[in-house]
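Here the structure is laid out as structure tokens; the discussion comes afterwards.
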Amino acid sequence: MEQLSFPDGPRLELDEALATLVVQAERVRTTQGRLRALLNATQAVVEESDLPSVLRRIAQAATTLVDAQYGALGVIAPERDALEEFIYVGLTPKEADEIGDLPTGHGLLGALIADPRPIRLPNISADARAAGFPDHHPHMESFLGVPVRVRGEVFGNLYLTNRRDGLFTEEDERLVEALATTAGFAVENARLLDQARTRERWMSAAAGLSAALLSSSTTTAFDLIASRIFELPDVDKVVVLLRDDARHELQVAAARGSDESELRGAVIDPESTCAGELGAAGNTTAHTRALSPVPDPVRVMVDGVAGPVVAAPLRTGGRFWGVLCTGRAPDRPRFTTTEIDSIADVASRATIALELAHAREEAQRSLLADERRRIARDLHDHVIQQLFGTGLTLQAVAGGLPPGQDADRLSESIDQLDDAISQIRTVVFALSHRDESSLRHRVIDVVADQSAARRRPPAIRFSGPVDHAITGLLSDEVVGVVRELLSNAVRHSMADHISVEVALVEDSVVVLVEDDGVGMADAGRRSGLQNLTERAAARGGAFTVDSVSGATSARWTVPVHDSVSPRGEMQ
């Protein structure tokens with residue numbers, strides 16, 4: 001049979017048509033594959049997660065989409081002049097450690113920040129905008145950079161290098177732009193989720209703190225505020241500062257963090273800390289390490305670098321309590337707007353709770369003062385009058401008795417009644433005239449403190465206008481003498497009865513402490529009380545001790561006026 005064949009012309013046309021179909025089919029297959037890869041990348045990006053995870057997935061998805069060896073997502077700082085975060089993929093941890101500090105947005109990376117339009121280059125080093133690579137940086141040639149926008153504003157940039165199969169194409173650029181658009185929505189959703197979680201954490205902390213403040217004493221309020229805020233995540237330091245307007249200083253009332261023991265009670269110059277900038281306005285202020293060239297006590301310092309800090313006022317309508325400072329380490333991100341608002345809200349709620357707790361304590365003190373005054377009136381109007389009447393009756397009975405044992409016992413009972421009346425009057429004074437700075441109350445507080453464990457408290461007597469005549473350094477001296485004499489009697493005398501008397505006799509103040517204990521040994525008299533002798537002599541006075549078993553009397557006497565203080569100054 002004759003072999004079937006086609007003419008050369010039609011056969012060539014058929015071969016070309018078949019080749020074209022194969023090429024088109026390959027293009028369709030490639031396009032379908034890339035679209036499928038884009039869909040997969042989009043699905044990976046839009047999965048619900050926290051913001052850091054979303055950012056890393058975006059960088060990984062873009063790298064996989066265009067088959068790049070290295071990829072990164074740079075987050076632009078609020079100042080719009082540098083990168084705040086740099087999330088990279090493709091580098092091993094060892095390679096990253098050898099490179100050192102991450103890029104901050106210079107050179108070619110900075111060009112995309114200044115002009116947020118896609119950049120596609122066959123060779124990075126050949127571009128005039130390139131700033132070069134640091135030591136140990138892997139070799140990079142081809143480059144594709146695309147901005148990521150959130151609500152029309154550039155959030156960051158995708159950086160891709162070293163396409164494994166040739167150079168980056170226009171199609172790669174369009175695919176990454178499409179992914180960047182989807183990534184913008186994913187970033188916005190992750191931001192909203194992160195903000196909601198942040199607000200929830202801080203609102204929960206604020207509610208718990210307010211409840212704790214309302215049920216606690218205001219003396220521990222600042223420590224409580226610092227402790228509760230320090231428990232929150234991503235908080236490395238909390239400092240509560242109180243402002244002293246008279247001395248123009250800030251004092252640390254509470255602190256939590258690595259150096260809290262050094263900070264407690266420290267005095268800080270307002271000019272050296274951002275907290276001083278609040279002034280009378282009382283606005284919340286946030287500072288980053290870029291704004292802190294000098295060390296600041298309220299910040300977290302690492303190798304001379306200061307971390308971000310937020311200072312919020314503790315203020316109500318009529319009172320400025322202080323400043324709440326919350327800080328992070330330099331390697332942590334700066335505080336977001338949501339966090340700053342949340343800190344300000346916590347400070348505001350805490351201050352309201354603090355004001356309510358203060359008002360509650362004031363009301364309790366007022367009720368206590370009213371109760372003390374009522375008790376004082378009852379003691380004065382009833383108890384003292386009854387004792388005084390009983391004393392007069394006993395005196396009348398004693399006057400009708402002949403001298404002897406019965407008359408002496410009755411006279412002793414009358415003296416005991418007079419002593420009881422004197423002590424009750426001291427109690428009435430303490431209850432009805434609560435002045436913490438007066439000599440009487442200071443002495444009463446010392447006696448209460450020194451004899452808290454005794455079954456029978458010491459008797460206290462005051463004679464003369466001691467509060468008006470004994471003031472200043474002399475008042476401090478008298479309180480110190482009472483404390484030392486009473487301490488010796490309580491610890492060493494083993495007495496059943498101890499009495500303390502502070503009297504103004506003519507132009508001298510007399511401190512007299514008596515007990516019925518075992519008495520003093522000569523050695524103890526010479527050594528333990530030498531200090532009191534020297535203090536009395538320095539003021540032109542004298543100190544004497546008369547002691548036998550069962551009766552010890554220690555008398556410290558100095559002139560009130562024109563006496564010489566221990567520092568050699570005239571009073």
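No experiment lies behind these values; they were computed from the predicted model shown.
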Ion pair Arg199/Asp341, N-O distance below 4.0 Å: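 Between Asp341 and Arg199 there is no salt bridge, as every charged N stays at least 4.0 Å from the carboxylate O atoms.
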
Could you check whether any side-chain heavy atom of [X] comes within less than 4.5 Å of a side-chain heavy atom of [Y], counting everything from C-beta outward?
{"X": "Trp202", "Y": "Ile229", "answer": "yes"}
{"X": "Val54", "Y": "Arg191", "answer": "no"}
{"X": "Pro313", "Y": "Val323", "answer": "no"}
{"X": "Pro458", "Y": "Gln450", "answer": "no"}
{"X": "Val513", "Y": "Val482", "answer": "no"}
{"X": "Ser227", "Y": "Arg256", "answer": "yes"}
{"X": "Leu213", "Y": "Ile225", "answer": "yes"}
{"X": "Val502", "Y": "Val510", "answer": "no"}

On a heavy-atom basis, which atom in [X] and which in [Y] lie closest, and how many Å separate them?
{"X": "Leu314", "Y": "Ala347", "answer": "CD2-O, 3.7 Å"}
{"X": "Phe86", "Y": "Gly74", "answer": "CD1-CA, 4.2 Å"}
{"X": "Leu55", "Y": "Phe155", "answer": "CD2-CE2, 3.6 Å"}
{"X": "Ser215", "Y": "Ala211", "answer": "OG-O, 3.1 Å"}
{"X": "Arg328", "Y": "Val300", "answer": "O-CB, 3.4 Å"}
{"X": "Leu532", "Y": "Trp556", "answer": "O-NE1, 3.2 Å"}

Hey, could you give me the [atom1]/[atom2] distance between [X] and [Y], rounded to the nearest 0.5 Å?
{"X": "Ile58", "Y": "Leu179", "atom1": "CD1", "atom2": "CG", "value": "7.5 Å"}
{"X": "Arg264", "Y": "Asp259", "atom1": "CZ", "atom2": "CG", "value": "10.5 Å"}
{"X": "Arg442", "Y": "Asp467", "atom1": "CZ", "atom2": "CG", "value": "11.0 Å"}
{"X": "Gln60", "Y": "Tyr88", "atom1": "CD", "atom2": "OH", "value": "13.0 Å"}
{"X": "Ile470", "Y": "Glu477", "atom1": "CD1", "atom2": "CD", "value": "12.0 Å"}
{"X": "Leu356", "Y": "Ile352", "atom1": "CG", "atom2": "CD1", "value": "7.5 Å"}

Glu339/Leu232 under side-chain contact (heavy atoms from CB on, under 4.5 Å): CA gap, chis, key distance, verdict: CA-CA 12 Å; Glu339 289 174 321; Leu232 289 167; over 6 Å; no

side-chain contact (heavy atoms from CB on, under 4.5 Å) between Val75 and Ile87, worked out: CA-CA 8 Å; Val75 180; Ile87 298 95; 4.2 Å; yes

Side-chain donor or acceptor of Ser204 paired with backbone N/O of Glu200 under 3.5 Å: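 Pair absent, no side-chain N/O of Ser204 close to backbone of Glu200.
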
CD (Glu188) with more than 12 external heavy atoms under 6.0 Å: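 Yes, because the 6.0 Å sphere around CD of Glu188 holds more than 12 heavy atoms from other groups.
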
When you compare the side chains of [X] and [Y], does any donor N or O come within less than 3.5 Å of an acceptor on the partner?
{"X": "Arg315", "Y": "Thr351", "result": "no"}
{"X": "Thr219", "Y": "Ser217", "result": "yes"}
{"X": "Arg491", "Y": "Ser487", "result": "yes"}

Side chain to side chain donor-acceptor pair (under 3.5 Å) involving Ser493 - partner list, sequence neighbours excluded: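 If we apply the side chain to side chain donor-acceptor pair (under 3.5 Å) test to Ser493, skipping adjacent residues, there are no hits.
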
Worked check of side-chain contact (heavy atoms from CB on, under 4.5 Å) between Val478 and Val511: CA-CA 7 Å; Val478 169; Val511 177; 3.8 Å; yes

Criterion side-chain contact (heavy atoms from CB on, under 4.5 Å) on Leu354 and His358, from CA distance to verdict: CA-CA 6 Å; Leu354 193 60; His358 179 73; 5.9 Å; no

